[in-house]
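Here is the structure we will look at.
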Amino acid sequence: MSKQINDTIIRAYNGEKTDYTPAWFMRQAGRSQKEYRELKKKYSLFEITHQPELCAYVTRLPVEHYGVDAAILYKDIMSPLPSLGVDVEIKSGIGPVIANPIRNLQDVEKLGAINPKNDVPYVLDTIRLLSEEQLEVPLIGFSGAPFTLASYMIEGGPSRNYGKTKAMMYSQPDVWFALMDKLGDMVIEYVKAQIAAGARAIQIFDSWVGALNAPDYRMFIKPVMQRIFSELQKENVPLIIFGVGARHLLLEWNELPVDVIGLDWRTSITEARQMGVTKVLQGNLDPAILLADWETIESRTKGILDEAMQQESHVFNLGHGVTPDISPETLKKLTELIHTYSKR
Ligand SMILES: O=C(O)CCc1c2[nH]c(c1CC(=O)O)Cc1[nH]c(c(CC(=O)O)c1CCC(=O)O)Cc1[nH]c(c(CC(=O)O)c1CCC(=O)O)Cc1[nH]c(c(CCC(=O)O)c1CC(=O)O)C2
């Protein structure tokens, strides 16, 4: 049985002009949705993701409720780490906490390699279920990037200033590059498996890499990112890079073999173009705006669409993830506004 897929977002990622501006929202699955909150009384994130039917249901909720143009697989950037031997737990009110942080070369050497079919079969089963049977929009797969994953693995949890991470990078470069190699291999294998199972686009979250300046990015991060994207480019699906507070790295990203750059809310589409960014752009409404009155939401959203409609193509998103205090009603109204206002 073949079903009709609305591919608008893939065409926009490929740089084609579309009839309207497609949209999805980082962290659109989960968060404040009622049905999800009910499930979370019984199950943790890892418990949901280990059950393909349930995980597919959570992934579909925002598509069905908001009318967004893509689904993003419900799981976390931490999800593949247990397969490398990382003892990670998501603690309520804190976020990911790692019991065995990386301190030295021995710790890095102890990390295993991912074999997606054996280690995360439930992720691949969920993707197949969604893409072959259930979804009428493309499914976006994702992975955390080496710096962002390493920051949790070295700090042991969320951090404000990445002190231990940077200290390792500067004073133990052999350990650092060994860790980047391992995480680079993981990202490549994990993402390739997601694409083989049916993911139609891939976002690489380097959420915290904006903590580095451009020369350090070039020295310590860019080589592994170049390797990851060069490998993934062979798979022929749109590749998106995203990070927060990374304005000073946009031109570095623009040199990588990526198709799309995700902007946070600090840099406008116009500014990114003036700086010389040539890739397709995704973004970039400040998620905090969604806590303001509707008039503000409407005028800021139209402002972004007005800027972007002079472009060949654009995918609307937030400048970072939906926070748990944003109401599902607002996300539904926002999606309708984007679709109607951008109709060409
Ligand atoms: O502050 C920190 O560093 C910890 C943040 C944190 C992470 N996982 C976490 C938490 C706690 C929480 O969100 O409440 C823990 C986490 N991840 C997720 C959830 C589900 C939910 O928010 O209701 C939760 C909360 C679950 C729980 O409380 O049990 C799911 C998740 N994380 C992520 C994604 C991918 C996406 O954004 O679309 C997705 C799935 C797709 C979706 O929900 O729609 C990505 C993620 N997780 C994480 C990061 C690092 C950066 C960041 O958080 O902003 C990033 C990348 C990013 O958003 O930039 C780490």
Side-chain angles (χ1 to χ4, degrees), residues 23-50 54-66 68 70-81 86 88-98 123 126-127 130 137 139-162 165 187 191 194 199 201-211 240-246 262-265 282-284 287-288 315 317-326 328 331:
W24 68 279
F25 310 122
M26 291 180 273
R27 305 284 192 106
Q28 67 187 14
R31 304 269 109 167
S32 60
Q33 287 169 92
K34 194 167 85 249
E35 296 82 353
Y36 171 73
R37 299 258 47 107
E38 277 304 309
L39 276 176
K40 277 305 294 285
K41 290 182 187 160
K42 279 204 338 226
Y43 304 112
S44 70
L45 179 137
F46 287 148
E47 284 166 348
I48 294 174
T49 55
H50 280 70
L54 199 58
C55 187
Y57 166 73
V58 172
T59 302
R60 280 194 328 266
L61 282 174
V63 180
E64 287 162 11
H65 291 182
Y66 311 150
V68 283
I72 176 112
L73 192 60
Y74 177 83
K75 63 182 172 69
D76 190 60
I77 60 167
M78 298 297 135
S79 294
L81 296 185
V86 177
V88 54
E89 194 188 335
I90 294 178
K91 294 211 167 135
S92 167
I94 304 177
V97 174
I98 285 164
V123 170
T126 309
I127 296 176
L130 283 161
V137 293
L139 177 72
I140 299 175
F142 71 90
S143 174
F147 177 86
T148 295
L149 294 174
S151 77
Y152 289 97
M153 291 165 72
I154 297 166
E155 306 288 336
S159 166
R160 265 174 188 280
N161 51 20
Y162 315 99
T165 309
V187 173
V191 167
Q194 293 182 51
I202 294 294
Q203 178 151 318
I204 302 293
F205 284 92
D206 213 350
S207 309
W208 306 136
V209 80
I240 310 148
I241 185 164
F242 170 78
V244 182
L263 293 176
D264 81 355
W265 64 92
Q282 171 174 280
N284 66 343
V315 172
N317 205 315
L318 305 179
H320 200 191
V322 174
T323 50
D325 46 4
I326 294 171
L331 291 169

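Position 1 is the first residue of the sequence; numbering continues from there. Both counts, for ligands and for their atoms, begin at 1 and track the order of listing. Just so we're clear, the structure is a prediction, and the values are computed from it rather than from any experiment. Any value given below was found using the heavy atoms of this structure, including those in side chains, with hydrogens, waters and symmetry copies removed.
For ligand 1 and Tyr36, the ligand atoms under 4.0 Å from any heavy atom of the residue are 20 (C), 21 (C), 23 (O). Close approach to Leu73 involves these atoms of ligand 1, each under 4.0 Å from a residue heavy atom: 40 (C), 41 (C). Close approach to Tyr152 involves these atoms of ligand 1, each under 4.0 Å from a residue heavy atom: 2 (C), 3 (O), 4 (C), 50 (C), 51 (C), 60 (C). Shown in contact with Leu45 at under 4.0 Å from a heavy atom are these atoms of ligand 1, numbered in order with element: 16 (C), 17 (N), 18 (C), 19 (C), 20 (C), 24 (C), 26 (C), 30 (C). Which parts of ligand 1 touch His320 is read off a 4.0 Å heavy-atom cut-off, strictly below it: atoms 52 (C), 54 (O), 57 (C), 58 (O), 59 (O). Applying the 4.0 Å criterion to heavy atoms of Gln28 picks out, from ligand 1, the atoms 42 (C), 44 (O). Which parts of ligand 1 touch Gly30 is read off a 4.0 Å heavy-atom cut-off, strictly below it: atoms 23 (O). Close approach of ligand 1 to Phe142 is summarised as follows: ligand atoms under 4.0 Å from at least one heavy atom of the residue are 34 (C), 35 (C).
In terms of heavy-atom proximity, Val63 sits nearest to Ala71 at CG2-CB, 3.7 Å. When every heavy atom of Thr165 is checked against every heavy atom of Glu155, the shortest pair comes out as OG1-OE2, 2.6 Å.
Of all protein heavy atoms, the one closest to atom 11 (C) of ligand 1 is Gly95 CA, 3.7 Å. Ile90 CG2, 3.7 Å is the protein heavy atom nearest to atom 15 (C) of ligand 1. In this structure, the protein non-hydrogen atom closest to atom 21 (C) of ligand 1 is Arg31 NE, 3.4 Å. For atom 17 (N) of ligand 1, the nearest protein heavy atom (residue, atom name, distance) is Asp76 OD1, 2.7 Å. Closest protein heavy atom to atom 1 (O) of ligand 1: Pro158 CB, 4.0 Å. Atom 40 (C) of ligand 1 has its closest protein heavy atom at Lys75 O, 3.0 Å. What sits closest to atom 10 (C) of ligand 1 on the protein, heavy atoms only, is Pro96 CD, 3.9 Å. Summary of contacts: the protein heavy atom closest to atom 46 (C) of ligand 1 is Arg27 NH2, 3.2 Å.
Aromatic ring pairs are classed by plane angle as parallel below 30°, tilted from 30° to 60° and perpendicular above 60°; the pair Phe142 and Phe205 is perpendicular.
Scanning for ring pair (Phe, Tyr, Trp, His ring centres under 6.0 Å) contacts around His50 gives Tyr122, with sequence neighbours left out. Every residue two or more places apart in sequence or in another chain that forms a side chain to side chain contact (heavy atoms under 4.5 Å, CB included) with Lys40 is listed here: Tyr36, Arg37, Ile48, Tyr74.
With Asn317 contributing its side chain and Ala23 its backbone, the two residues share no donor-acceptor pair below 3.5 Å. Remark: side-chain polar atoms of Asp264 are not paired, donor with acceptor, to backbone N or O of Gly319 under 3.5 angstrom. With hydrogens and angles ignored, the 3.5 Å screen pairs no side-chain donor or acceptor of Arg31 with any backbone N or O of Ile326. A donor-acceptor distance shorter than 3.5 angstrom exists from the side chain of Gln28 to the backbone of Ala70, with no hydrogens or angles considered.
Atom CG of Leu54 sits about 9.5 Å away from atom OG1 of Thr126, to the nearest 0.5 Å.
Of the candidates Trp208, Tyr74, Phe205, Phe242, it is Trp208 that places a heavy atom closest to atom 52 (C) of ligand 1.
Between Trp24 and ligand 1, no N or O atom pair is found at a separation short of 3.5 Å. Of the N or O atoms in Lys40, one or more lie within a sub-3.5 Å distance of an N or O in ligand 1. Of the polar atoms of Ala29, at least one N or O is found under 3.5 Å from an N or O of ligand 1, judged by distance alone.
For Tyr152 and Trp208, the side-chain atoms include at least one donor-acceptor pair closer than 3.5 Å.
Proximity of Glu35 to His65: side-chain heavy atoms (C-beta onward) are separated by under 4.5 Å at one or more points.
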